[in-house]
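Start at 1 and go down the list; that is how both ligands and their atoms are numbered. Computed from a predicted model, the values in this text were never measured in an experiment.
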Amino acid sequence: MKDDSNSFKELASLVVQKLSNYLKESQAGNGLVLKQLPANDLAKKLNLESIIENGLSDTKATENFVDTYLDNSQHMHHPNYIGHQVSVPHPSASIADLIHGLINNPMAIYEMGPSAAVIEKTVVHWMLKKIGWFKGDSICDFDIEKAKGGGVLTHGGSLANLTALVAARSKASPEAWVEGNPKDLVVLAPASAHYCISRSLSIMGMGERSLVALEVNALDQLKVDAIESVIIEQVNKGKKIMCLVANACITSTGLYDAIDQIADLCNKYNIWFHVDAAHGASALLSDDHKHFLKGIEKADSMIWDTHKMLRTSTLCAAVLFKDHQNMDRAFKQKGSYIFHEKESPGFDLISNTVECTKAGLGTKLFWSLAAEGEKGLANFVKNQYNKSKEFYKYINDQEDFSCLNVPEANIICFEYLSDNKGDDLQLKIRNKIVLRGKFYITSAEVNNKRYLRLSIMNPLTQLRHIEDLLNEIRFIASS
Ligand SMILES: *Cc1c(COP(=O)(O)O)cnc(C)c1O
């Protein structure tokens with residue numbers, strides 16, 4: 001294939017045609033959600049070795065490749081996709097990836113992509129405003145002092161959490177950047193915290209042992225009453241609490257920790273409060289559900305994935321700070337080729353990120369917002385949360401099924417009831433469902449017990465799909 005504009009247009013038209021068809025068929029619920037060939041067979045079918053060596057020979061070969069690729073993909077747009085907490089992207093939001101893929105503006109320094117940089121700042125202000133951390137008159141006011149809060153987009157929530165933890169360390173122990181970690185630093189986090197929290201502490205050289213696990217209830221929520229004694233115990237041991245982490249919502253059950261109460265406790269002891277709201281922050285858009293995040297404005301930092309509930313493709317996450325100075329102090333490094341005085345009409349985000357080169361991530365959220373406006377996204381979140389309650393009720397009303405808890409978000413944990421009490425029954429069912437490919441769901445372990453788990457990410461998933469799913473499970477269990 002040539003690299004001129006005509007060839008691009010031809011290829012793009014062909015691919016867009018195929019993608020439109022893929023979207024139509026998936027949305028109609030035709031075909032399987034997922035077909036998993038053995039890796040070797042798939043590589044052969046995709047003709048990978050030959051294409052890598054010689055390139056795609058002609059249009060026919062290109063068509064074959066795209067067809068095979070799409071056929072062997074996870075069909076997120078299929079209403080029976082009820083699996084991981086990953087966006088079913090708004091088709092219009094995919095345009096961001098197309099534009100970025102061609103113009104490639106890594107905008108962490110303003111001059112490498114002014115439009116993308118301005119868009120990132122603006123959508124970050126939009127997010128800060130939802131939390132109550134933006135004080136400017138307009139989200140397009142870039143006077144940093146007026147903003148008060150600050151934030152930056154990262155390639156994913158794990159990186160966003162790492163960034164927040166580094167910022168918290170810079171506050172608690174400014175000397176750590178140069179001298180290394182003092183031995184007395186600890187982080188308090190629920191035992192149910194996402195694994196990336198403990199992984200971050202290891203990456204930061206603090207070691208897993210610096211994480212003090214806070215007690216959770218049988219549904220993985222922080223036991224608020226048990227926190228204060230741990231704080232006192234750690235202080236008495238001579239430990240310095242770098243920050244306390246809470247979930248909004250918890251990955252397993254989708255329940256929210258008591259943000260308001262925990263924030264007050266952190267305030268009382270002057271502890272940095274970080275909220276991992278990767279999935280659940282989007283409830284801020286829904287008047288019916290934002291109460292789950294009550295008190296969020298009292299936190300010091302939080303993260304918010306747009307590739308979960310804001311209908312963008314992977315990856316786009318925000319790490320947000322109540323006080324922008326805490327963000328500005330997080331990284332204390334200089335690189336002479338980038339961090340030098342220059343006359344620029346914009347701003348450089350590079351000093352606030354782990355990444356050096358960074359994609360124009362703000363454009364993903366922008367195109368998602370641009371699809372139907374803020375109201376469209378708000379309605380989406382509201383509908384998914386409300387629908388999940390309806391699905392929960394239906395499942396729990398069945399004699400042969402039982403749900404773990406009333407959902408707060410769009411995550412449902414449940415089990416198939418059977419005389420076969422083996423703990424691996426739910427896992428066996430889940431694995432069979434996925435191999436058969438008519439549905440895609442996950443499982444989770446809560447309180448040492450395995451459950452089937454649904455994340456209602458797809459706007460097209462309706463009660464009838466849940467009914468079909470339960471019948472699929474009954475069929476699998478009886479065969
Ligand atoms: C998804 C999730 C993460 C990880 O985010 P990635 O974008 O997958 O890196 C962290 N914490 C919570 C609570 C999550 O739901």
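In this structure, Y22 has its ring center closer than 6.0 angstrom to the ring center of H75.
Taken from CG in L98 to CD1 in I103, the straight-line distance is 10.5 Å, to the nearest 0.5 Å.
The atoms of ligand 1 that sit less than 4.0 Å from any heavy atom of G157 are 5 (O), 6 (P), 7 (O), 9 (O). Interface of C249 with ligand 1, defined as ligand atoms under 4.0 Å from a residue heavy atom, comprises 13 (C). The atoms of ligand 1 that sit less than 4.0 Å from any heavy atom of H307 are 7 (O). Residue-ligand proximity, Q85 to ligand 1, at heavy-atom distances under 4.0 Å covers atoms 15 (O). Atoms of ligand 1 lying under 4.0 Å from at least one heavy atom of S158, given by number and element, are 4 (C), 5 (O), 6 (P), 9 (O).
At the shortest separation from atom 11 (N) of ligand 1 among protein heavy atoms lies D276 OD2, 2.6 Å. Protein heavy atom nearest atom 15 (O) of ligand 1, with residue, atom name and distance: K308 NZ, 2.9 Å.
Identified under the side-chain hydrogen bond (donor to acceptor under 3.5 Å, both in side chains) test for residues 249-264, with sequence neighbours left out: D220-S252, Y256-Y385, D260-K294, D260-K298, D264-K298.
Counting only distance, with no hydrogens or angles, the side chain of S173 and the backbone of R169 share no donor-acceptor pair below 3.5 Å.
In the displayed structure, K35 atom NZ is contacted under 6.0 Å by more than 12 heavy atoms of other residues, nucleotides or ligands.
Looking at every heavy atom in both residues, P190 comes nearest to N247 through CG-ND2, 3.5 Å.
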